[in-house]
2 protein chains.
Amino acid sequence: MKYSYEYPHPAVTVDCVIFGLDSESLKILLIKRKEEPFINKWALPGGFVGINESLEDAAVRELQEETGIKKSYMEQLYTFSEPGRDPRERVITVAYYALVNLEEHQINAKTDALSAAWFSVDDIPKLAFDHEMIFETALNRLRGKVRYQPIGFELLPKKFSLSQLQKLYELILEKPLDKRNFRKKILNMELLTDLDEVQEDVNHRAARLYSFNEKRYRKLIKDGFNFEI
Amino acid sequence: MKYSYEYPHPAVTVDCVIFGLDSESLKILLIKRKEEPFINKWALPGGFVGINESLEDAAVRELQEETGIKKSYMEQLYTFSEPGRDPRERVITVAYYALVNLEEHQINAKTDALSAAWFSVDDIPKLAFDHEMIFETALNRLRGKVRYQPIGFELLPKKFSLSQLQKLYELILEKPLDKRNFRKKILNMELLTDLDEVQEDVNHRAARLYSFNEKRYRKLIKDGFNFEI
DNA sequence: CCAAAAGTGTTCACGGTACACCCATGC
DNA sequence: GCATGGGTGTACCGTGAACACTTTTGG
C-alpha cells in the first residue's frame, strides 16, 4: 500500500468494444476472464490506466495487447461510473470503441483461442460487470455515427467492392438497401477512388474495387459537404 | 494521508459547461478561481467526485451548488485525461454540459456576482487548466446535436414564440434562417402545442406561444420520425 | 401614423425512392 | 448452360430553398 492520498481516489480503467466485420455479421471481440471477480465470464478487453498514461494511450495499448492490432479507428465512447459496478473497489471506466478490419488482421489472439473470441452482435453472451451496458452503448453509437460519418470504411479492407460496402451498412443498420440507389448515392459523393482493379478468386463475375479517398473527403467537408447514408 | 492503494490512483473530477441563452447570445457560466493553481482565472464550475457518488450525481450537485438550478438537461460530454493537465497531481476530469433557461432561473450566484458570470460563447476569456478545450468540445457537441435532437427547447422558457425558437437556432448555428421555411418545417413536425396564448408586455404585435410536446415527440420517434433542423 | 415584429404561399430544383433486367465469370 | 453475384436507368414525389408583402399592436 505505497500510494496514499488525503481523500479517497477511485481506480480508473479503460474498456474497449472492438468491432469487426465479416461476410456474415458485425462482431465484437470478447475475452474470457481468468481471475475473480467474474472468473470464466466473457468480458470486454480492458485494464487499468497507468498513472502517467492518457486514456487514449491506455486504450490503444489494450487493443494492441489483446489483438495485436496497432493502428485502427478508435474513439472515446462514454465513462461509466456507477458505484458498485465493480465489487472490489470503486472503479470508474472510460469506454472506447474501435473498428478493425477482420480480413486483413487475422487477429492473433496472443491470448489463446479459448480465451478470446469474436461474437456476433446479435448473439452476445452474459458479460462481466456492466459490460453489457457498455456494449449496447457502443452499438448504438456505431449505428448512429455510421450514417453521417464515413467511418464504416474502417471495417473493410483498403480495397473493397460496392457490394461489400452495401453489405456493411445493411448489417450495421439492420435494414436492406436498394442496390441501384445505394450505388448512385455513394458514387455521386465522389468519395471513392475507382482503382481500375477487380476481385480475384471469386467464382462469379468479379467486382470493381474502390478505396476511400480520405483527402478528398476532408476537402469536401471544408466546402460544407455532409456525408449521409 | 489516510487513503492508501497498492497502485497509484488518479483523482477524478467533473467539470460542467453550462449553456444559457438570452436575446443577444449563447452564453456559458464561468467562475473565478479563489485558489491556486490558476488563482483569479476564470474556469468551468466543477469539483471532485465523491467516492460513493456517480459522475452524474456529482455533475448535478456541482450545477446545484454553483447556480442553484436543480433540474435541467444535462449530458456527459467527454473525459479529459492528458497527464499534466493539472499541475498538482494526475487528475482525470469527466466533462458534462447542461442547458439551462436563463430567463426563468435568474441564476442566484450563491457565489457572489464577482466570482461567477455569464460570458458569450464568442467572447470567452483565457481559462484555467485545459478548460478552453473542454468548452470548445461542448460547443461543437451542442452545435452538432441541436440539429438532430430537440434539445434546444431546454434553453427556452416553457412557453415560447416561433421567433424565439428561430433566434435560438440562428445563434447556435451561427447562420440566418428563412422565417417562412423555418415555421413551415417546425409546425409540420407537429411537435409543438399551440397554447392559444400570446406574449404580454411587448410593444409590438404579440406572438403566439407554443410549448414543446415531449410526449408527442416520443411517440413520433417510435414511428421512425427523425427530428432535423 | 410610425416603428417593430408577427404572420403568411407559391414556385422551382434536387434528391430520395421504387422498381427489373442483362452481364460476366467459373465450374 | 447454369448458378452466382455484378452492374445499370428512368419516372415520380416530396422536401428544401428562394423570395416580399400585409397585419397587429403599442407608443
Side-chain angles (χ1 to χ4, degrees), chain A residues 21-24 103 146-148 150 156-157 159-171 173 175-211 220 223-229, chain B residues 21-24 103 146-148 156-157 159-171 173-211 220 223-229:
Chain A
L21 188 81
D22 65 18
S23 54
E24 287 122 45
E103 308 206 353
V146 82
R147 286 182 46 219
Y148 61 92
L156 293 178
K159 304 175 176 189
F160 53 84
S161 70
L162 292 180
S163 293
Q164 278 178 290
L165 187 61
Q166 181 178 342
K167 191 77 185 289
L168 180 157
Y169 283 104
E170 290 179 332
L171 285 172
L173 301 176
K175 67 177 179 193
L177 299 172
D178 179 89
K179 184 160 63 161
R180 278 177 291 189
N181 292 338
F182 180 80
R183 283 162 184 252
K184 207 190 318 170
K185 187 163 184 173
I186 293 286
L187 292 176
N188 275 347
M189 289 183 189
E190 298 186 311
L191 277 178
L192 299 188
T193 304
D194 184 336
L195 295 172
D196 254 314
E197 286 178 60
V198 294
Q199 289 179 320
E200 282 169 25
D201 303 321
V202 288
N203 61 344
H204 53 74
R205 177 173 175 180
R208 274 191 108 66
L209 295 176
Y210 296 83
S211 67
L220 287 171
D223 301 349
F225 165 80
N226 271 320
F227 180 86
E228 192 183 335
I229 295 293
Chain B
L21 187 82
D22 64 19
S23 53
E24 288 121 45
E103 308 204 355
V146 82
R147 285 182 46 219
Y148 62 94
L156 294 178
K159 303 175 177 188
F160 53 85
S161 70
L162 292 180
S163 293
Q164 278 178 290
L165 187 62
Q166 181 177 343
K167 191 77 185 288
L168 180 157
Y169 282 104
E170 290 179 332
L171 285 172
L173 302 177
E174 289 187 310
K175 66 177 181 194
L177 299 172
D178 179 89
K179 184 158 65 160
R180 279 176 290 190
N181 292 338
F182 180 80
R183 282 162 185 252
K184 209 189 315 170
K185 187 164 184 173
I186 292 287
L187 292 176
N188 275 347
M189 289 182 188
E190 298 186 311
L191 277 178
L192 300 188
T193 304
D194 183 336
L195 295 172
D196 253 314
E197 284 179 64
V198 293
Q199 289 179 321
E200 281 170 25
D201 305 320
V202 288
N203 62 345
H204 54 74
R205 176 171 176 181
R208 273 190 108 66
L209 294 177
Y210 296 84
S211 67
L220 286 172
D223 301 348
F225 164 80
N226 272 321
F227 180 87
E228 192 183 337
I229 295 293

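Numbers restart at 1 for each chain; the letters A, B, ... are given by sequence-line order, proteins then strands. Excluded from the calculations below are hydrogen atoms, water molecules and symmetry mates; all remaining heavy atoms, backbone and side chain alike, are included.
Separating the CG atom of Asp194(A) from the C1' atom of dG6(D) is a distance of 14 Å, rounded to the nearest angstrom. Rounded to a whole Å, the CZ atom of Arg205(B) is 17 Å from the P atom of dG27(D). Atom pair Asp201(A):CG and dG5(D):P shows a separation of 16 Å (rounding to whole Å applied). As a whole-Å value, the separation of Lys175(A) NZ from dG16(C) P is 13 Å. Regarding Glu228(B), its CD atom lies at a distance of 15 Å from the C1' atom of dG14(D), rounded to whole Å. Taking atom CZ on Phe160(B) and atom P on dA6(C), their separation rounds to 14 Å, with Å as the unit. Protein atom CD1 of Ile186(A) is 15 Å distant from nucleotide atom P of dG15(C), rounded to whole Å. Rounded to whole angstrom, the span from the NZ atom of Lys179(B) across to the P atom of dT22(D) amounts to 14 Å.
Looking at heavy-atom distances under 4.0 Å, Arg183(B) makes contact with a base. Across all strands, Asn188(A) comes closer than 4.0 Å to no nucleic acid atom at all (heavy-atom distances).
Side-chain atoms of Leu220(B) and Phe227(B), non-hydrogen and from C-beta on, never get closer than 4.5 Å to each other. Annotation: side chain of Leu165(B) is in contact with side chain of Leu156(B) (closest heavy-atom distance under 4.5 Å). Inter-residue side-chain proximity for Asn188(B) and Lys185(B) is flagged as unmet; no heavy-atom pair is nearer than 4.5 Å.
In this structure, Asp223(B) places its CG atom where more than 12 heavy-atom neighbours from other residues, nucleotides or ligands lie under 6.0 Å away.
Residues of residues 161-171 of chain A that place a heavy atom closer than 4.0 Å to DNA chain C do not occur.
Separating the CG atom in Leu192(B) from the CG atom in Asp194(B) is a distance of 9.0 Å, to the nearest 0.5 Å. Note that CD of Gln199(B) and NZ of Lys159(B) are 12.0 Å apart. Values are rounded to the nearest 0.5 Å.
In this model, no donor atom of one side chain and acceptor atom of the other lie less than 3.5 Å apart for Arg208(B) and Ser163(B).
One can find a donor-acceptor pair under 3.5 Å joining the base of dT17(C) and the side-chain atoms of Lys184(A). Counting distance only, with no hydrogens placed and no angle test, the side-chain atoms of Asn181(B) and the base atoms of dA18(D) include a donor-acceptor pair under 3.5 Å.
Remark: Lys185(B) is not in phosphate contact with dT15(D), judged by side-chain N or O atoms under 4.0 Å from OP1 or OP2.
Ranked by how close their nearest DNA chain C nucleotide is to the 5' end, Asp178(A) and Ala206(A) are led by Asp178(A). For the pair His204(A) and Leu187(A), both in contact range of DNA chain D, the more 5′-proximal nearest nucleotide belongs to His204(A). When each of Asn203(A) and Arg180(A) is assigned the nucleotide of DNA chain D with its nearest heavy atom, Asn203(A) is the one assigned upstream, toward the 5' end.
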